Amino acid sequence: VQLVESGGGSVQAGGSLRLSCAASGDRLSAYYIGWFHQAPGKEREFVAAMRRGGDETYNNEFVKGRFTISRDNAKNRVYLQMNSLKPEDTAVYYCAAREFALSRDPYEFDAWGRGTQVTVSS
């Protein structure tokens, strides 16, 4: 499966963005999906994930109540709705897919997009 992220940009603190991850080559519903972010000089970090074939989702503590992961199987896309953005959310955001189990470890994901930049100013 090939993944392409879009929807990043620059916003002020408190604003919102919706990131989109478009898949080609396979059905995204067959995969466990994760969103990760990476700020300059930092490790890639788990943000949110969704189970294969269902709607069960998992968020990192620092985004609970602010970010929501969702899937549109008809469009073969996964989204990350980001509300109440903070300057510390500034990073490149990646979507990733793996076949066999849910994980928060980026090293366990097989397919990655190239990322989309999110910049939040105070």
Side-chain angles (χ1 to χ4, degrees):
V1 65
Q2 292 79 48
L3 306 173
V4 178
E5 303 93 338
S6 61
S10 297
V11 295
Q12 290 195 324
S16 298
L17 285 172
R18 188 175 80 153
L19 305 184
S20 177
C21 175
S24 60
D26 205 348
R27 295 175 299 112
L28 209 51
S29 59
Y31 294 83
Y32 296 87
I33 302 299
W35 282 98
F36 296 82
H37 70 191
Q38 188 167 19
K42 294 190 176 181
E43 298 272 331
R44 195 164 295 188
E45 183 176 37
F46 169 76
V47 174
M50 172 172 271
R51 282 197 177 276
R52 178 179 64 186
D55 294 330
E56 194 170 357
T57 63
Y58 303 87
N59 291 340
N60 201 326
E61 280 294 325
F62 62 80
V63 301
K64 277 187 178 178
R66 299 190 299 126
F67 292 9
T68 304
I69 184 173
S70 62
R71 190 198 322 255
D72 185 333
N73 290 333
K75 294 184 178 179
N76 211 25
R77 286 177 179 258
V78 172
Y79 301 98
L80 185 68
Q81 177 68 43
M82 306 189 297
N83 299 327
S84 302
L85 282 161
K86 303 176 181 181
E88 51 264 42
D89 295 321
T90 295
V92 178
Y93 282 73
Y94 300 89
C95 68
R98 71 188 305 253
E99 290 188 82
F100 300 113
L102 195 65
S103 175
R104 298 177 179 226
D105 184 347
Y107 292 100
E108 295 185 347
F109 281 77
D110 308 305
W112 289 86
R114 292 190 174 185
T116 185
Q117 175 71 45
V118 171
T119 303
V120 184
S121 58
S122 58

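No experiment lies behind these values; they were computed from the predicted model shown. Hydrogens, waters and symmetry mates are skipped; everything else that's a heavy atom, side chains included, is used.
The two residues Ala39 and Thr90 make their nearest non-hydrogen contact at CB-O, 3.8 Å. The two atoms that bring Val1 and Ala97 nearest to each other are CG1-CB, 4.2 Å, heavy atoms only. In plain terms, the two heavy atoms of Ser6 and Arg77 that are nearest each other are OG-NH1, 4.5 Å. For Ala91 against Gln117, the heavy-atom pair with the smallest separation is O-NE2, 3.4 Å. In terms of heavy-atom proximity, Trp35 sits nearest to Cys21 at CZ2-CB, 3.7 Å. Across Pro87 and Ser121, no two heavy atoms sit closer than the pair CG-C, 4.4 Å.
At distances below 3.5 Å, at least one donor-acceptor pair connects side-chain atoms of Arg71 with backbone N or O atoms of Leu28. In this structure, Arg66 contributes its side chain and Ser84 its backbone to a donor-acceptor pair below 3.5 Å. Between the side chain of Glu5 and the backbone N or O of Cys95 there is at least one donor-acceptor pair closer than 3.5 Å. Listed for the Thr57 side chain is no donor-acceptor partner under 3.5 Å among the backbone atoms of Met50. Looking only at distances, a side-chain donor or acceptor of Asn76 sits under 3.5 Å from a matching main-chain atom of Ala23. Using a distance-only test at 3.5 Å, with no hydrogens or angles considered, no donor-acceptor pair links the side chain of Asp89 to the main chain of Val118.
Defined by atom type and a distance below 3.5 Å, a donor-acceptor pair is missing between the side-chain atoms of Tyr107 and Arg44.
Residue Val11 is grouped with residue Leu19 when hydrophobic side chains (ILVMFWY) are merged at heavy-atom distances under 4.5 angstrom, including chains of intermediate members. Cluster annotation: Leu17 and Tyr94 are assigned to distinct hydrophobic clusters (Ile/Leu/Val/Met/Phe/Trp/Tyr, side-chain heavy-atom contacts under 4.5 Å, transitive). Tracing side-chain contacts under 4.5 Å through hydrophobic residues (I, L, V, M, F, W, Y), one never reaches Trp112 starting from Val4; they form parts of separate clusters. Val63 and Ile33 fall within a single hydrophobic cluster, where Ile, Leu, Val, Met, Phe, Trp and Tyr side chains are chained together by heavy-atom contacts under 4.5 Å.
If you look at Phe36 and Phe109, their ring centroids are closer than 6.0 Å. In this structure, His37 has its ring center under 6.0 Å from that of Phe62.
Using a 4.5 Å heavy-atom threshold, the side chains of Asn60 and Val47 count as separate. Looking at Tyr32 and Arg51, their side chains come closer than 4.5 Å, going by heavy atoms from C-beta outward. Counting heavy atoms from C-beta on, the side chains of Glu99 and Tyr31 come closer than 4.5 Å. Side-chain contact between Asn83 and Ser16: present, with at least one pair of heavy atoms (C-beta onward) separated by less than 4.5 Å.
The OG atom of Ser122 sits 9.0 Å away from the CD atom of Gln12 when rounded to the nearest 0.5 Å.
Both the sub-6.0 Å distance and the 45° axial angle are satisfied by Arg18 relative to the ring of Tyr79.
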Check the pair Arg52, Leu102 against side-chain contact (heavy atoms from CB on, under 4.5 Å), reporting the backbone distance first and the verdict last.
-> CA-CA 8 Å; Arg52 178 179 64 186; Leu102 195 65; over 6 Å; no
